[in-house]
Chemist: 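Here you go, one structure.
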Amino acid sequence: MLLYNSLTHTREEFVPHEPGVVRMYTCGPTVYHYAHIGNLRSYICEDILEKYLRYLGYDVRRVMNITDVGHLSSDADTGEDKMLKGARREHKTVMEIAQYYTDAFFSDCAKLNIRRPDIVQPATGCIDEYIQLVDGLLKKGYAYIADGNVYFDTAKLDEYYVFNKHERENLLSGVREGVEEDFSKHNKEDFVLWFTKSKFDDQELKWDSPWGVGYPGWHIECSGISLKYLGEYLDIHCGGIDNAFPHHTNEIAQSEAYIGHKWCNYWFHVMHLLNDTGKMSKSKGEFLTVSLLEQKGYDPIAYRFFCLQSHYRRPLIFSYANLDNAAAAYNKLVDRIAGLDPAMASLDPSKGALDDEAAAPYRKAFRDAMDNDVNTSLALTAVYDLLKSDLPDAAKLSLIGEFDTVLSLNLLSAAETQRAKKETVPAETEADAEILALIEARTVAKKAKNYAEADRIRNQLNAMGIALTDTPQGVQWSRV
RNA sequence: GGCGCCAUGGCCAAGCGGUAAGGCAAGGGUCUGCAAAACCCUUAUUCCCCGGUCCGAUUCCGGGUGGCGCCUCCA
């Protein structure tokens, strides 16, 4: 398959280091608050990539870190630790906050059908690994100690700016508010590997190290965790595009300096979700969470569908109008699937329901779309084309089920629910007897062309939570 | 200031040199007392602008314009 690689700025044929195995690393969340749906867009796109690789038969080993320490809101010994800030806000300990928001994160992921990575590692669990890394970098001459902190020496690298062609003199310090320059650094682009000196005396989490009591810099955790679980050869590293610089750039610098060779071949960066203020963030505009969408009556999967309609390398503009559009499209799609012959729905696809030869063109369309740099928009079109085809319903259902192992839109189960809703004949109860009597009364009124009365009864039933549908076979009713 | 990404109908969006997919919405129709649902039909001579290459460019090149991102919190 072709994958766009941020390192080369081109689409390349994906070839893992070890045939049949994909080692994949994802920068996980900083668990100081809820994730917003922009954060989750990245994880949805990465989830699709992972599942498609599995669909192709790869043994995917995916690792994600959980940042529960040392993520300062700015560099250079200024700013605050986000975790500590969150803890103070909620009068809890840092570890309580971390646990709470880690759980919340995976709960949101579950609602969006994002598979939990094989290994999820909180950053605080690998301090020894970071120390070993920093120690190795010092011994190899890639790091230095200044004013109590250990820094990575970017001047030792042949190439530091691997993603973009930055020139040192053109980079501005302190572009962002609240960021002050750290004059202990030898070079402007050097970064901290280990802190022992911090302006915050109330730093809660500290560990002993050869350089004094302190805590790790914010880039070292991803290198440490990735190297620990996935070894020296990584195939795909994922993350939001904003992480390319400096986070991923620094990861590459420290990892490759430490292991002494090329580390990761493919860098998969997801573009941002935008709203009317630009990039979605926790501090600007409405703080959109999965729970908020649910409160507003949206199925989280409709949001997943919304993301899949677009391409991961395109900025996506969020608005409620656009989400409504996606939700309507998703519901219509599910209804169409629910309309397929229900007698065939229960057929086991493995028992000859699928004619492989007839299915081949549709399967090819789906794969071609996904092979083309994970073009989910086209993959969705492949589903629509399949639905329009003259394949037997059983084959359609079987293929949709197959595609949905990647798309994860609950296509089959949601359709089944829809179908069940329409077909369930409620058991007779006293309440039902009353309803049936009203329906009968309306039918009588209709026959007498007394439409005012018929509509009055329909409204009455609506108020009771009963929806009526006139069909050529008679009146159907269901609970709303 | 530097670097990078992007620009297609009302909205989302495909398109990777051969003459504009698909979805949503909208309009019309069939059906219906009216609804709802379903089905059928319609909706970009044109792809931000200006040059260039080519028999031919939405697709390649150059230059603009606009949007977004990064330049030590961010997915």
Side-chain angles (χ1 to χ4, degrees), chain A residues 6 9 11 26-30 32 35-46 71-76 78-82 85 161 163-182 185 188-192 218-219 238-247 249-250 269-274 278-283 305-306 309-311 313-317 319 321-330 332-333 335-336 339 369 372 375-378 380-385 388 422 446 449-451 454-455 458 467-472 476:
Chain A
S6 304
H9 301 269
R11 289 183 305 179
T26 301
C27 291
T30 304
Y32 67 106
H36 59 67
I37 61 173
N39 301 138
L40 267 354
R41 181 194 186 194
S42 289
Y43 296 111
I44 288 172
C45 295
E46 292 159 9
H71 223 103
L72 298 181
S73 48
S74 85
D75 189 14
T78 69
E80 277 186 288
D81 185 310
K82 282 186 161 185
K85 214 168 154 184
Y161 295 108
F163 291 109
N164 299 320
K165 292 177 214 128
H166 289 297
E167 299 294 331
R168 176 178 303 177
E169 50 275 19
N170 290 330
L171 288 168
L172 303 180
S173 281
V175 168
R176 291 184 192 172
E177 230 172 288
V179 172
E180 292 169 24
E181 205 166 338
D182 178 351
K185 292 176 178 180
K188 196 157 64 177
E189 49 274 85
D190 291 353
F191 53 92
V192 179
W218 359 306
H219 310 295
C238 314
I241 184 65
D242 53 352
N243 270 335
F245 186 81
H247 183 54
T249 303
N250 290 349
H269 287 127
V270 181
M271 298 299 275
H272 291 294
L273 184 71
L274 311 175
K279 180 173 85 168
M280 187 169 285
S281 72
K282 292 181 174 92
S283 50
F305 185 87
F306 172 79
Q309 278 184 311
S310 185
H311 189 255
R313 243 161 21 81
R314 240 185 195 247
L316 219 205
I317 298 168
S319 70
N322 288 350
L323 183 60
D324 286 340
N325 188 326
Y330 174 66
K332 269 189 120 161
L333 178 61
D335 277 346
R336 279 182 69 175
N372 186 192
N375 195 324
T376 49
S377 178
L378 270 184
L380 244 24
T381 299
V383 174
Y384 282 102
D385 289 341
K388 276 186 281 193
K422 280 181 184 154
K446 262 182 72 176
K449 296 201 190 294
N450 185 354
Y451 297 123
D455 289 348
R458 181 163 61 189
L468 295 188
T469 307
D470 293 331
T471 73
Q476 284 189 353

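Just so it is clear: chains get the letters A, B, ... in the order the sequence lines come, proteins before strands, and each one is counted from 1. Here the structure is a predicted model, which is why all the values come from computation and not from measurement.
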Chemist: What does B/rG18 pair with, Watson-Crick or G-U, if both distances are under 3.5 Å?
Modeler: B/rC55
Chemist: With a non-hydrogen cut-off below 4.0 angstrom, is A/L274 in contact with a base, only sugar-phosphate, or nothing?
Modeler: sugar-phosphate
Chemist: In whole angstrom, give me the gap between the P atoms of B/rG4 and B/rC61.
Modeler: 14 Å
Chemist: Under 4.0 Å between any heavy atoms, over every strand shown, what does A/Y384 touch: base, sugar-phosphate, or nothing? Just pick one.
Modeler: sugar-phosphate
Chemist: With C1' as the reference atom in both, quote the distance from B/rC6 to B/rA13 in angstrom, rounded to an integer.
Modeler: 14 Å
Chemist: Taking only the P atom of each, what is the distance from B/rA57 to B/rC48 in whole angstrom?
Modeler: 15 Å
Chemist: Can you say whether the rings of A/F191 and A/H219 are parallel (under 30°), tilted (30 to 60°) or perpendicular (over 60°)?
Modeler: perpendicular
Chemist: Give one of base, sugar-phosphate or nothing for A/R313, where a contact means two heavy atoms less than 4.0 Å apart.
Modeler: sugar-phosphate
Chemist: With nearest nucleotides of RNA chain B determined for A/N322 and A/N375 from heavy-atom distances, which residue corresponds to the more 5′ nucleotide?
Modeler: A/N322
Chemist: For B/rU59 and B/rU19, measure between their C1' atoms and round to the nearest Å.
Modeler: 12 Å
Chemist: Report the base-pairing partner of B/rC68 (Watson-Crick or G-U wobble, both distances below 3.5 angstrom), or none.
Modeler: B/rG4
Chemist: Is A/H36 touching bases, backbone alone, or none of the nucleic acid, heavy atoms closer than 4.0 Å?
Modeler: base
Chemist: Which nucleotide, B/rA14, B/rC11, B/rC74, lies nearest any side-chain atom of A/N243?
Modeler: B/rC74
Chemist: Have a look at A/G239 and say if it touches a base, only the backbone sugar-phosphate, or nothing, with a 4.0 Å heavy-atom cut-off.
Modeler: sugar-phosphate
Chemist: Does A/K446 reach a base, just sugar-phosphate, or nothing at all? Heavy atoms under 4.0 Å.
Modeler: base
Chemist: Looking only at side-chain atoms of A/F245, point me to the closest of B/rC5, B/rC71, B/rC12.
Modeler: B/rC71
Chemist: Which nucleotide in the list B/rG15, B/rA25, B/rG33 gets nearest to the side chain of A/Y451?
Modeler: B/rG33
Chemist: Is the closest basic N to carboxylate O distance between A/D335 and A/K332 below 4.0 Å?
Modeler: no
Chemist: Tell me which nucleotide among B/rG33, B/rC74, B/rC12 gets nearest to the side chain of A/D455.
Modeler: B/rG33
Chemist: What interatomic distance, in whole Å, is found between C1' of B/rG64 and the corresponding atom of B/rA7?
Modeler: 14 Å
Chemist: Quick check for you: among B/rA14, B/rC71, B/rA35, whose closest atom lies nearest to any side-chain atom of A/R314?
Modeler: B/rA14
Chemist: When rounded to the nearest Å, what value does the distance between P atoms of B/rG67 and B/rG29 take?
Modeler: 43 Å
Chemist: Which one of A/N325, A/L273, A/D324 satisfies the side chain to side chain contact (heavy atoms under 4.5 Å, CB included) criterion with A/F306?
Modeler: A/L273
Chemist: Closest approach to the side chain of A/N372, judged atom by atom: which nucleotide of B/rC24, B/rG33, B/rG15 is it?
Modeler: B/rG15
Chemist: Could you work out which one of B/rC12, B/rC5, B/rC11 sits closest to the side chain of A/L316?
Modeler: B/rC12
Chemist: A/F163 and A/H9: aromatic ring centres closer than 6.0 Å?
Modeler: no
Chemist: Say we look at B/rC41 and B/rG52: how far apart would their C1' atoms be, to the nearest angstrom?
Modeler: 43 Å
Chemist: Expressed as a whole number of Å, how far does the P atom of B/rA14 sit from that of B/rC74?
Modeler: 29 Å
Chemist: Where the side chain of A/R458 is concerned, which of B/rA75, B/rC34, B/rG15 is the nearest nucleotide?
Modeler: B/rC34
Chemist: By the 4.0 Å heavy-atom rule, please label A/L273 as base, sugar-phosphate, or nothing.
Modeler: base
